[in-house]
Number of protein chains: 2
Amino acid sequence: MGQVCAMYGVPGTMAKPRINTMKELSETIGVSRPTLSRYFRDPSAVRPSTSKKIQERLSEVDYVYNFLTTRQNRKSTELIGVIVPSYKDLFFASLIESIEQSARDLGYTIITQSSNGDTGVEANAVRKLRSMSVDGAIVAPIGVGADHDAFAAASEDFPLVFVDSRPVRSMLVADFVGTDNTQSIGAIVEYLCRTGDPPVFLGMPHLNANAEEREHAYRAKMLELNHDAKAIEPAVAGGSWEFEAFGYAVMDDCFGRREFTNSTILCANDRIAIGAIRAANKHGLFSRGGIAGGGLRIAGHDDHPLSQYMFPALTTVAQDVEGIADAAIQLLAQRARGGRSTETVEVFLNAAMMPRESA
Amino acid sequence: MGQVCAMYGVPGTMAKPRINTMKELSETIGVSRPTLSRYFRDPSAVRPSTSKKIQERLSEVDYVYNFLTTRQNRKSTELIGVIVPSYKDLFFASLIESIEQSARDLGYTIITQSSNGDTGVEANAVRKLRSMSVDGAIVAPIGVGADHDAFAAASEDFPLVFVDSRPVRSMLVADFVGTDNTQSIGAIVEYLCRTGDPPVFLGMPHLNANAEEREHAYRAKMLELNHDAKAIEPAVAGGSWEFEAFGYAVMDDCFGRREFTNSTILCANDRIAIGAIRAANKHGLFSRGGIAGGGLRIAGHDDHPLSQYMFPALTTVAQDVEGIADAAIQLLAQRARGGRSTETVEVFLNAAMMPRESA
DNA sequence: GTCATATTTTTACGCGCGTCAAAATCATGA
DNA sequence: TCATGATTTTGACGCGCGTAAAAATATGAC
């Protein structure tokens with residue numbers, strides 16, 4: 001205690017007496033341990049006068065309940081696992097932030113892990129969640145090559161909801177919450193066709209289901225609008241999650257050959273579009289005036305937080321990240337409360353057009 | 001079991017028999033529970049033949065040890081808490097990714113939380129780490145208005161190492177790992193002076209210690225090089241962590257008044273620089289040629305993952321994120337092993353010049 | 001085959017708290 | 001003041017595993 005003051009040197013700061021166990025606390029506070037236990041679980045579960053008394057004494061001491069131990073015997077740990085392919089992707093970062101927010105509101109604690117785009121790491125992360133007895137998990141899957149057994153085993157233990165992209169076919173049937181690619185891609189294709197040349201499509205590396213789904217949605221919408229669909233064939237390998245580098249490399253190559261320099265290019269996501277814009281700027285395709293000078297237009301998908309700071313500002317469709325996070329948490333909470341036996345749920349949210357400068 | 005196959009529909013997938021407790025496992029595997037316990041702690045702590053036997057049988061069953069329970073009685077939980085102000089900042093995202101990596105290598109599990117730039121949330125996060133009995137915590141502090149008591153109490157329980165920015169003065173004495181702002185800012189100021197006009201400084205909102213430190217380092221270096229230091233006075237309030245918006249607003253305002261349009265501007269971090277570049281582009285200050293046309297130059301600090309995709313590509317200094325993460329984890333591991341009593345350690349790493357197009 | 005040493009098994013207790021049942025105490029209204 | 005339902009206290013057991021000590025067994029050199 002004296003140490004504290006000496007160490008922090010802030011006058012007036014008096015360290016409260018440290019209490020380590022609930023038993024100890026019950027003695028210094030003057031109520032029985034079971035009553036305390038009930039209080040912590042739900043303050044209104046004890047008589048108001050008792051509740052008030054505990055609350056007051058509690059503020060005078062330094063006691064933190066043991067998280068690990070309390071979770072050990074409860075039927076519910078109130079832990080929710082989250083697995084994303086990468087932290088260094090602002091879309092996932094936004095998602096995690098929203099998930100943490102929604103979870104906090106419901107009293108859940110989030111355990112976040114990155115799979116680093118590696119199926120082995122992803123499987124280990126799932127296993128760790130199992131060993132932590134989480135009440136549920138939200139997974140933005142890698143997709144290709146996922147460890148089926150790990151997920152299957154996990155889904156025996158707790159509800160699993162996939163977000164962002166659906167697990168590849170035949171993996172397992174599980175809940176899903178994400179953007180309706182048909183709607184989102186449809187909206188931006190419609191916008192692009194209405195405001196200029198019909199777009200060609202620059203896909204993303206086939207790392208997850210969105211790659212296929214978005215290209216498919218693009219083709220469908222183009223067909224509906226009576227335009228020829230055309231996807232740019234990447235001249236570079238795209239096996240990694242470095243989307244900007246991918247978009248840049250592919251378009252730098254095209255523009256170098258003077259291909260697509262006057263086209264409208266719809267990219268499968270904003271990160272690819274950011275790379276493509278960089279390539280376009282390098283080749284001077286956007287240099288006249290602030291807005292697109294020639295016929296070149298580039299559009300994206302997601303509404304990445306930095307898209308509006310690109311030059312030109314990226315026209316895109318905004319995924320409802322908060323909506324996805326909230327729906328996922330709600331779904332898990334519901335399942336955890338007993339709804340395990342219901343049918344698989346798939347929630348598709350709409351995305352909103354964000355017309356800006358680039359298209 | 002039959003359920004599994006039916007549910008996942010993958011032929012050939014046989015669910016392994018599920019084992020729930022270690023006692024149960026010891027029976028089906030044919031060794032005593034204490035021996036198993038020792039094996040899980042360190043496979044080489046048992047006789048090779050026993051180790052091999054356990055390993056083999058283990059692969060035939062589905063057993064995951066109970067994470068919560070195992071941590072309960074160990075002297076060490078092998079949990080490390082991480083608190084950052086925001087996930088939606090690629091610098092912190094990179095940091096978390098590196099920390100998770102380094103931690104994994106040493107067998108630690110990371111508990112990440114975002115303080116959302118809110119001191120109340122930050123204090124709660126610290127409290128939660130206390131209740132989880134973490135072995136240590138890595139905190140990128142908010143700085144202003146931090147809850148002293150929460151940190152003081154926490155540092156009584158486990159070693160705390162601050163990263164990125166030092167806690168504001170008089171908060172508490174604790175370990176720190178981060179970039180040597182004097183070196184990093186010095187390097188880029190030197191570079192800028194050598195290659196063009198001496199820079200003016202666009203600071204960051206005073207949310208943490210880096211704000212002051214970097215401006216101070218800038219002034220010191222300018223003095224050393226016999227140049228007049230000058231900081232841009234933000235015409236807008238900058239109380240949030242939306243750095244791009246801040247940089248954009250401040251410079252849009254300046255450029256609108258035709259101020260600093262031919263200057264060299266050193267931004268306190270890349271996110272501010274990204275906003276500033278956007279403003280410059282909006283005002284057509286970068287439009288001639290691919291590279292800076294007029295005299296305007298903009299530089300940043302950090303080497304944000306997207307800096308190279310800006311147009312023009314941002315000249316900056318790269319923080320050694322991996323080095324910071326690794327040093328922080330190492331420091332914590334060392335403290336956890338008993339080095340609690342040693343003196344406070346401050347590790348300053350160097351940053352590397354990343355000359356690109358913008359300056 | 002024998003003995004000293006290395007491992008494993010037995011046995012038992014503890015961690016901090018959830019939880020249950022029975023006994024004791026409190027609150028309230030007649 | 002007493003009855004009675006609501007709360008709290010007592011006392012006790014369990015969770016899954018860490019861990020320590022003593023007894024039993026396996027290993028390896030001779």
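The structure presented is a predicted model; accordingly, all values stated were derived computationally and were not measured. Letters go in sequence order (proteins before strands), and every chain restarts at 1.
Under the 4.5 Å side-chain criterion, counting only non-hydrogen atoms from C-beta, Asp175(B) is not in contact with Leu332(B).
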Could you list, one pair per line, each protein nitrogen or oxygen that sits under 3.5 Å from a nitrogen or oxygen of nucleotides 3-5 of chain C, together with the distance?
none

For nucleotides 18-20 of chain C, print each protein N/O atom paired with a nucleotide N/O atom at under 3.5 Å, atom names and distance only.
residue	atom	partner	partner atom	Å
dG18(C)	OP2	Ser37(A)	OG	2.6
dG18(C)	N7	Arg33(A)	NH1	3.4
dG18(C)	O6	Arg33(A)	NH2	3.0
dT19(C)	OP1	Lys75(A)	NZ	2.4
dT19(C)	OP2	Arg41(A)	NE	3.2
dT19(C)	OP2	Arg41(A)	NH2	2.9
dT19(C)	O4	Arg33(A)	NH2	3.3

Could you list, one pair per line, each protein nitrogen or oxygen that sits under 3.5 Å from a nitrogen or oxygen of nucleotides 28-30 of chain D, together with the distance?
none

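Scored by the salt bridge (Lys or Arg N to Asp or Glu O under 4.0 Å) test, Glu60(A) finds no partners at all (sequence neighbours excluded). Under the salt bridge (Lys or Arg N to Asp or Glu O under 4.0 Å) criterion, Glu24(B) pairs with no residue at all, not counting sequence neighbours. Partners of Glu322(A) under the salt bridge (Lys or Arg N to Asp or Glu O under 4.0 Å) rule, at least two apart in sequence or in another chain, do not exist in this structure. When the ring pair (Phe, Tyr, Trp, His ring centres under 6.0 Å) test is applied to Tyr63(A), the partners found at least two apart in sequence or on another chain are Phe40(A). The salt bridge (Lys or Arg N to Asp or Glu O under 4.0 Å) test applied to Lys53(A) returns no partner, not counting sequence neighbours. For Tyr65(B), there are no ring pair (Phe, Tyr, Trp, His ring centres under 6.0 Å) partners, not counting sequence neighbours.
Nearest approach of Ala328(B) to Val161(B), heavy atoms of both residues: O-CG1, 4.1 Å.
Using a 4.0 Å cut-off, some side-chain N or O of Arg47(B) falls inside it from OP1 or OP2 of dT27(D).
Across dC15(C), dT8(C), dC15(D), the shortest atom-to-atom separation from the side chain of Thr50(B) is found for dT8(C).
Of the charged side-chain nitrogens involved, none lies within less than 4.0 Å of a carboxylate oxygen, so that Arg18(A) and Glu156(B) do not count as a salt-bridged pair.
Residues from residues 51-67 of chain A that place a heavy atom under 4.0 Å from any atom of DNA chain D: there are none. Within residues 123-131 of chain B, no residue has any heavy atom under 4.0 Å from DNA chain D.
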Side-chain atoms of residues 128-138 of chain A: list all donor-acceptor pairs with protein atoms under 3.5 Å, sequence neighbours left out, distances to 0.1 Å.
residue	atom	partner	partner atom	Å
Lys128(A)	NZ	Thr109(B)	OG1	2.6
Arg130(A)	NH1	Asp157(A)	OD2	3.0
Arg130(A)	NH1	Asp62(B)	OD2	3.4
Arg130(A)	NH2	Asp62(B)	OD1	2.3
Arg130(A)	NH2	Asp62(B)	OD2	3.2
Ser131(A)	OG	Lys128(A)	O	3.0
Asp135(A)	OD1	Thr77(A)	N	3.1
Asp135(A)	OD1	Thr77(A)	OG1	3.3
Asp135(A)	OD2	Ser76(A)	OG	2.6
Asp135(A)	OD2	Glu78(A)	N	2.8

